Structures are given as C-alpha cells and as structure tokens.
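Notes to accompany the following structure.
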Amino acid sequence: MIVEIKLPEISENVDSGDVVKVLVSQGENVAVEQPLIELETEKAVFEVPSTAAGVVSEIRVKAGDTIKVGDVIARIDTEAATDAPAPKPAAPAPESKAKSPAPPAAPVEEVATGEDGTETLREAVVAVAQEQGAPVPASPTVRRLARELGIEIHRVGGTGPGGRISSDDVHAYARSIIAGARAGAAPAAGVAPSGAAPRALPDFARFGAFERTPMSKVRQITAQSMAGAWNTVPH
C-alpha cells in the first residue's frame with residue numbers, strides 16, 4: 001500500500017516553508033516518526049517526521065523548494081517494509097533553530113519599567129493607547145509579535161473585522177519592509193531612518209575567494225528587527 005506523506009499544519013498563521021534538507025533517500029526503509037525533511041519557516045527550523053513505516057518509493061521535494069500545508073513530501077510503500085529500524089536520532093540543532101514549532105506562549109503579564117518596578121501589560125497598552133489617541137485593535141500576542149519584529153503596531157493595517165490586526169498582517173508588513181529594502185526603496189513607515197546614507201560595501205574579492213549565501217527567512221526578519229531597534233530605541 002502506498003501512503004502519501006503530506007506537510008501537516010505547521011502552526012498558527014504559517015502555511016508554507018522552505019525545504020532546507022532532505023533527510024532520507026529513495027529506497028530507504030523508514031520508521032514512524034523518523035524525520036523526512038528539515039523545513040524552515042519565518043519562525044523556526046524543524047524536522048517533519050514520517051507518519052508511516054515502510055520503504056520510500058518516491059521523494060517529491062528537494063532542498064530549496066517552497067512547499068505548502070497539504071503538499072506531498074514523499075510516498076511510502078508500507079507493504080515493502082522489512083524490519084523497520086529505529087528512528088535515527090536527530091542531530092542536536094543549533095541554538096538559533098527550533099526542532100519543532102512551539103505553541104504560542106501565554107501573553108506576558110508584566111513588562112519591565114526600569115528601577116521603579118513593573119506594570120501590567122494591560123496598563124502599558126492603555127497608556128500607549130492614550131498617547132496615540134485611540135486603542136489599536138490587536139491581541140496581546142499580536143502586539144508582542146510586532147515588538148519582537150521591531151514594528152510599531154499602529155503602523156500596521158488590519159484586515160480583520162473592524163480593522164483588527166492579526167499576526168498575518170504583521171508578517172505581511174514585515175515582508176513589505178524587506179521587499180522595499182531589497183528594491184532600494186526608502187524605509188517603510190515605522191522604521192526610522194538612520195540619518196545617514198548607507199556606506200557602500202568594500203570589494204571583498206581583494207581579500208580572497210568568497211561566497212554569497214542568501215539569507216534565510218528567520219535571519220531576514222531578525223536583521224529587520226535589529227535595524228529597527230537600533231534606529232528607534234534610545235541608546
């Protein structure tokens with residue numbers, strides 16, 4: 001019997017990812033829960049396991065492919081299986097990579113306010129809303145995501161009912177900033193300019209052979225967040 005292994009639902013508001021590495025080969029005997037591929041999303045890098053035991057009859061993806069939830073990763077012939085080996089132990093991932101998507105953490109109830117102590121997140125949101133004149137329709141989880149990406153939440157346009165801002169809206173706004181930076185456009189609203197024109201990079205060839213490697217999605221978002229913090233947070 002041929003069983004199709006499809007990309008399962010990854011996490012909330014994430015419907016696709018890039019294949020970093022294929023961990024099995026055609027004709028290989030695999031066990032249930034054995035990692036098939038390594039997938040990278042905007043939030044993490046993790047392994048996608050097999051849901052059936054058998055022999056890999058076909059691999060439908062390769063490194064560099066972008067796949068969506070429901071796409072077929074591989075086909076497993078369960079009737080051709082011999083004694084299935086135990087799943088290969090996963091190599092320890094670097095600290096910057098997560099093995100699997102973690103469920104959204106509970107909203108932080110307190111935020112630091114310096115030496116004077118702490119205040120509740122609700123009070124902080126109310127204070128910001130009063131300064132801006134109107135509350136922003138977004139949940140604490142979405143607000144926290146915007147802070148982590150260095151994005152001013154009130155700059156993001158909401159597509160939900162009544163203009164409510166979702167995490168998809170925040171990610172879309174972050175992608176628009178990245179796209180604008182790649183096209184050489186001016187910084188998007190919410191990211192303050194540094195006040196100086198960017199300095200041209202040196203000619204690296206004079207130092208010897210070098211290789212250009214495209215940045216991953218996680219590193220792109222991290223770089224944008226760091227640049228936003230450097231330009232907007234008082235030092």
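What you see is a predicted model; the values in this text were computed from it and never measured.
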Donor-acceptor pair, distance only, cut-off 3.5 Å: does the side chain of [X] make one with the backbone of [Y]?
X	Y	result
D169	S166	yes
T66	D18	no
Q224	I221	no
E33	P49	no
Q34	A31	yes
T41	A44	yes
D71	I67	no

task = May I ask you to say whether E58 pairs ionically with R75, meaning some side-chain N is under 4.0 Å from a carboxylate O?
result =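 Salt bridge: yes.
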task = Using a strict cut-off of less than 4.0 Å between a Lys/Arg side-chain nitrogen and an Asp/Glu carboxylate oxygen, indicate whether D203 and R206 qualify as a salt bridge.
result =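 Salt bridge absent between D203 and R206.
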Provide the closest heavy-atom pair for [X] versus [Y] in the form atom of the first, atom of the second, distance.
X	Y	value
V22	A63	CG2-N, 4.1 Å
V170	A146	CG1-CA, 4.1 Å
S57	Q26	O-NE2, 3.1 Å
P35	V24	O-CG1, 3.7 Å
T78	A53	CG2-O, 3.4 Å
S50	I5	OG-CD1, 4.1 Å

Distance check, rounded to the nearest 0.5 Å: [X] atom [atom1] versus [Y] atom [atom2]?
X	Y	atom1	atom2	value
H171	L145	NE2	CG	4.5 Å
L23	I37	CG	CD1	8.0 Å
E211	F204	CD	CZ	14.0 Å
I165	D168	CD1	CG	12.5 Å
Q220	R175	CD	CZ	11.0 Å
N231	M226	CG	CE	11.5 Å

inquiry  = When you group the ILVMFWY residues by side-chain heavy-atom contacts below 4.5 Å and let the links chain together, are V69 and V61 in the same group?
reply    =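 Hydrophobic grouping puts V61 with V69.
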ask   = Any link between M1 and V72 through a network of hydrophobic side chains (Ile, Leu, Val, Met, Phe, Trp, Tyr) touching at under 4.5 Å?
value =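 No: no chain of side-chain contacts under 4.5 Å links M1 to V72.
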task = Starting from the C-alpha separation in whole Å, work towards a yes-or-no answer on side-chain contact (heavy atoms from CB on, under 4.5 Å) for T51 and V32.
result = CA-CA 5 Å; T51 55; V32 177; 5.9 Å; no
message = Apply side-chain contact (heavy atoms from CB on, under 4.5 Å) to residues V55 and V30 and explain how you reach the verdict.
response = CA-CA 6 Å; V55 175; V30 298; over 6 Å; no
key: Polar side chain donor-acceptor pair, E40 to S216, under 3.5 angstrom   =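 Yes, side-chain donor-acceptor contact under 3.5 Å.
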ask   = Do I76 and I2 have side-chain heavy atoms sitting under 4.5 Å apart?
value =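 Sidechains of I2 and I76: no contact.
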ask   = Would you say L7 and L39 make side-chain contact, with heavy atoms under 4.5 Å?
value =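 In short, these two side chains touch, coming nearer than 4.5 Å.
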